[in-house]
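Quick caveat, the model's predicted, so the values are computed rather than measured. All values below come from the heavy atoms of this structure, side chains included, with hydrogens, waters and symmetry mates left out. Just so we're on the same page: letters track the sequence lines, and every chain starts at 1.
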Number of protein chains: 2
Amino acid sequence: MREPVTLLKSLPKYEVFLEDSKRFPELDASACYVFLQLLRTGDDLLAMDELILSSLGTRHGRFVLLMLLHKHGPGEMTPAELAEKTGVTRATISGLLDGLAKDGLVERRPDPQDRRITRLFLTEAGDQLLERVRPTYCEWFTSVIAPLTEDERKQLVFILQKLQQRLAELGARLPDSMHTAA
Amino acid sequence: MREPVTLLKSLPKYEVFLEDSKRFPELDASACYVFLQLLRTGDDLLAMDELILSSLGTRHGRFVLLMLLHKHGPGEMTPAELAEKTGVTRATISGLLDGLAKDGLVERRPDPQDRRITRLFLTEAGDQLLERVRPTYCEWFTSVIAPLTEDERKQLVFILQKLQQRLAELGARLPDSMHTAA
DNA sequence: ACCTAATTATTAGGTTCCTAACTATTGTCA
DNA sequence: TGACAATAGTTAGGAACCTAATAATTAGGT
């Protein structure tokens, strides 16, 4: 019932904006096109990523959490630190941890010093899942990038970093809301 | 309470995979790095996009639907066609239309010929929202792409298309599930 | 010491996405 | 014609995200 994500379509979701570039002469049509391609490729990549991870019995968000928990030692991470490293809110982390704990992949234990803090531990099962999933996942994304030449990779990374810097600039001076701390 | 998305962080969400490239010699470290940068830039772009659209009083999904409804004539689109064009399921379209209808931006009317079909109409308010939001939005994404030279834009689009083709190849021969029709 | 601030984690409620199941209608074809 | 399949749209239930409000604990200032 579901087509392979957006993969096989021309530029369906975003094509409408290309219309606009004709009606608004002040718009840079090339910018528009580049933007849409970028948005679309990002979408597709994320979608495939979810698909792969799902077929391996996990999900993107959970997998990233397990990786982080594995990288840092047992009991070293707290929900707040996970939120900080992943860039999602603590509320989201709470939900993800609920799922991981329910599946027996992660354990929550109170910190003896500071009773506000919860310390997180990867279980044996969590570690095994990681060992099982990681090779296939790494193989997959390597094969996605494989067609790019060394030059193309350099170009791409350079351009992406330029864009990230630009996004950071634009993000820094947003209307308002958020920005509790500098 | 919420930091400006992931924008100001080094490579937080994905850095963990870079560790792996050291432990798994068969992994292409450069592929890994490129992949992470791409995933991250896509994430950031989408996040900022949501942020902009939110500050303008709408959301990405809804906005795209309104654009599509505007592009095609009144009553020309059906929920199924929107699903097809946007790449999300019909169920998702139902939910989005519920929201848009509740806000009085869109109207659903039964097709007189085929009583299974619902025909969609942009209301006056829907059209006004579009007129209000579109210029700012277009201005925004133009300014995101602005720092890229003409050469860089060409390179980027070329590389992205290469990747999309690759993703389509890889997606075509997935384990199983889905693929009801060729 | 005590009252207020800040911090940790969670819960509640909303959004956008999914799959799967369902209803209503239309098309097919034996 | 009459059963069966296909199609349109929705509903139900779940996941990952959000904001805002909450409870518990710690830290700071006077």
Gap between atoms [atom1] and [atom2], on [X] and [N] respectively (whole Å):
X	N	atom1	atom2	value
A/Asp49	D/dA16	CG	C1'	14 Å
A/Leu97	C/dT8	CG	P	15 Å
B/Leu46	D/dC18	CG	C1'	15 Å
B/Arg59	D/dC18	CZ	P	11 Å
A/Gln113	D/dT26	CD	P	10 Å
B/Leu82	D/dA8	CG	C1'	13 Å
B/Ile93	C/dT15	CD1	C1'	14 Å
A/Glu81	C/dT8	CD	P	9 Å

Among A/Gln161, A/Lys154, A/Arg153, whose side-chain contact (heavy atoms from CB on, under 4.5 Å) with A/Val157 holds?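 Testing each of A/Gln161, A/Lys154, A/Arg153 against A/Val157, the sole residue satisfying side-chain contact (heavy atoms from CB on, under 4.5 Å) is A/Gln161.
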
Choosing from C/dA9, D/dT25, C/dC17, which nucleotide comes nearest the side chain of A/Thr78?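 Nearest listed nucleotide: C/dA9.
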
Per A/Arg90 side chain, nearest of listed nucleotides C/dC17, C/dT19, C/dA9: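 Closest of the options to the side chain of A/Arg90: C/dA9.
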
Hey, does A/Arg119 reach any base, or is it just sugar-phosphate, or nothing, if we go heavy atoms under 4.0 Å? nothing

NA contact type, B/Ser94, heavy-atom cut-off 4.0 Å: base, sugar-phosphate, or nothing? base

Can you tell me whether the side chain of A/Arg116 and the base of C/dT7 have a donor-acceptor pair closer than 3.5 Å? yes

Is there a side-chain contact between A/Thr92 and the phosphate of D/dC18, meaning an N or O under 4.0 Å from OP1 or OP2? yes

Could you pick out which residue, B/Asp98 or A/Glu50, lies toward the 5' side of DNA chain D when each is mapped onto its nearest nucleotide?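 The residue whose closest nucleotide sits nearer the 5' end is B/Asp98.
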
A/Leu96 or B/Thr118, whichever maps to the more 5' nucleotide of DNA chain D: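 Checking each residue's closest nucleotide, the 5'-ward one belongs to B/Thr118.
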
Assess the side chains of A/Thr41 and B/Gln164: does a donor N or O sit below 3.5 Å from an acceptor N or O?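 Yes, side-chain donor-acceptor contact under 3.5 Å.
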
Would you call the rings of B/Phe35 and A/Tyr137 parallel, tilted or perpendicular, where under 30° means parallel and over 60° means perpendicular?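 Judged by the thresholds at 30° and 60°, the geometry between B/Phe35 and A/Tyr137 is perpendicular.
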
Any-strand Watson-Crick or G-U partner of D/dA6, both distances under 3.5 Å: C/dT25

Searching all strands shown, indicate the nucleotide that pairs with D/dA21 (Watson-Crick or G-U wobble; both distances under 3.5 Å). C/dT10

Test salt bridge (charged side-chain N to carboxylate O under 4.0 Å, His left out) applied to A/Arg108 - qualifying residues, sequence neighbours left out: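 Applying salt bridge (charged side-chain N to carboxylate O under 4.0 Å, His left out) to A/Arg108 gives A/Asp98.
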
Nearest-nucleotide wise, let me know which of A/Ala91 and A/Ile117 is further upstream toward the 5' end of DNA chain C.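 So the residue in question is A/Ile117.
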
Do A/Leu122 and A/Val106 make a side-chain contact, defined as non-hydrogen atoms from C-beta onward lying under 4.5 Å apart? yes

Syn or anti for C/dA21, please, going by whether the chi angle lies within 90° of 0.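 Because its glycosidic torsion lies more than 90° from 0, C/dA21 adopts the anti conformation.
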
